[in-house]
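Report on one structure; see the data block that follows.
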Amino acid sequence: MNLILLGPPGTGKGTQAKLIADQLNALHIATGDLFREAVKRGTELGVRAKAYMDRGDLVPDEVTISMLLERIEQPDAQGGAIFDGFPRTLQQARALDEALAAKGSEVDTALHITAPDDEIVRRLSGRWLCPSCGAIYHEQTHPPKQERACDKCGSELHQRDDDRPDVVRARLEKQRPPAEMLDYYRERGKLVDIDGARAPEEVTKDLLAAIERATAGVSN
Ligand code: ADP
Ligand code: ZN
């Protein structure tokens, strides 16, 4: 079974991918995690990837694809995987299809978690930090008792530059799944849209139902 999770940042995609992998006892492959591991180990791949990651840019296809193809050749990946953060470009999508076809396998379904831009910006830009004691707040999930004041020390809270709504919007534009890649899966009848602007449990339930429909009759 090969599943792909697609979606902009701020939709809880990574959390959902881990949950579903646990539930289905499937392998979870997250390219972001693979890159972070490579950076930590200081490998050549890590050194190459780090500069792009630090800027919030995509790592070039050539590097990303060869890392992913290597990963799916490992013995633990022979039963398929849940791909999280890959593919992010049309070229990556094609490369994955080719590699799976060579094993007599294919992508069963591409689950696209969606949310309105305003909701994404609200989720990603709600973080406030205390410059004095380092406490972290979030407008939705962990608001301070008094607006803009630290619960612990009373200092005025600040927002990091990259958490500001305008910066978040720019990041969203860079990281949104490209339309041509969504079309690629849609044209092949593989794309399923899942409304991500709901409680996480609701999203999980819909994802599992969509997987059930897509893999009925698939044995591995
Ligand atoms: P985030 O930290 O936004 O959740 P990830 O953990 O998925 O994103 O990835 C972290 C970084 O790793 C990305 O910003 C990007 O630089 C790189 N990366 C991950 N997956 C890919 C990919 N499929 N193609 C290109 N770059 C990638
Ligand atoms: Zn404080």
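Hydrogens, waters and symmetry mates play no part in the numbers below; they use all other heavy atoms, side chains included. Keep in mind the model is a prediction, meaning the values are calculated, not measured. Start at 1 and go down the list; that is how both ligands and their atoms are numbered.
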Completion exercise
ligand 1 to Thr31, heavy atom cutoff 4.0 Å, flagged ligand atoms 19 (C), 20 (N), 21 (C), 23 (N)
Exercise for the section: Rounded to the nearest 0.5 Å, what's the gap from OG1 on Thr64 to CZ on Phe35? Could you check? Expected result: 3.5 Å
Handout entry: Angle subtended at the Zn ion (ligand 2) by SG of Cys153 and SG of Cys130, nearest 10°
Key = 100°
Exercise for the section: Would you mind telling me which of Glu139, Glu156, His158 makes a side-chain hydrogen bond (donor to acceptor under 3.5 Å, both in side chains) with Trp128? Expected result: Glu139
Completion exercise
Taking only non-hydrogen atoms of Gln92 and a 4.0 Å limit, the atoms of ligand 1 in range are 22 (C), 23 (N), 24 (N), 25 (C)
Handout entry: Geometric N/O contact Phe35 with ligand 1, under 3.5 angstrom
Key = no
Practice task
Establish whether atom 8 (O) of ligand 1 and some protein heavy atom are separated by less than 4.0 angstrom.
Solution key: yes
Practice task
Please determine if Arg94 and Asp97 form a salt bridge, counting it only when a charged side-chain N lies under 4.0 Å from a carboxylate O.
Solution key: no
Handout entry: Atom indices of ligand 1, in the order listed, that fall short of 4.0 Å to a heavy atom of Thr64
Key = 22 (C), 23 (N), 24 (N), 25 (C)
Exercise for the section: State whether Arg186 and Asp183 are salt-bridged, where the test is any N-O pair (Lys NZ or Arg NE/NH1/NH2 against Asp/Glu carboxylate O) under 4.0 Å. Expected result: yes
Problem - Spacing of Leu96 atom CG and Ser105 atom OG [to the nearest 0.5 Å] - result: 9.0 Å
Handout entry: Nearest non-hydrogen protein atom, atom 4 (O) of ligand 1
Key = Arg88 NH2, 4.9 Å
Problem - Mode of Leu58 contact toward ligand 1 - side chain, backbone, both, neither (heavy atoms, under 4.0 Å) - result: both
Exercise for the section: State the CE-CZ distance between Met181 and Arg176, to the nearest 0.5 angstrom. Expected result: 12.5 Å
Problem - Salt bridge flag under 4.0 Å for residues Lys174 and Asp57 - result: yes
Handout entry: Candidate with minimal heavy-atom separation from atom 5 (P) of ligand 1, of Ala30, Gly32, Ala17
Key = Gly32
Problem - From the candidates Asp84, Thr89, Val59, the one that places a heavy atom nearest atom 25 (C) of ligand 1 - result: Val59
Handout entry: SB check Glu119 Arg198 (cutoff 4.0 Å)
Key = no
Completion exercise
among protein heavy atoms, the one nearest atom 3 (O) of ligand 1 is Gln175 OE1, 3.7 Å
Completion exercise
closest protein heavy atom to atom 2 (O) of ligand 1 is Arg36 NH1, 3.9 Å
Completion exercise
Going by the 4.0 angstrom heavy-atom rule, the piece of Asp57 near ligand 1 is backbone
Problem - Reference residue His112; test side-chain contact (heavy atoms from CB on, under 4.5 Å); the match among Leu5, Ile4, Leu6 - result: Leu6
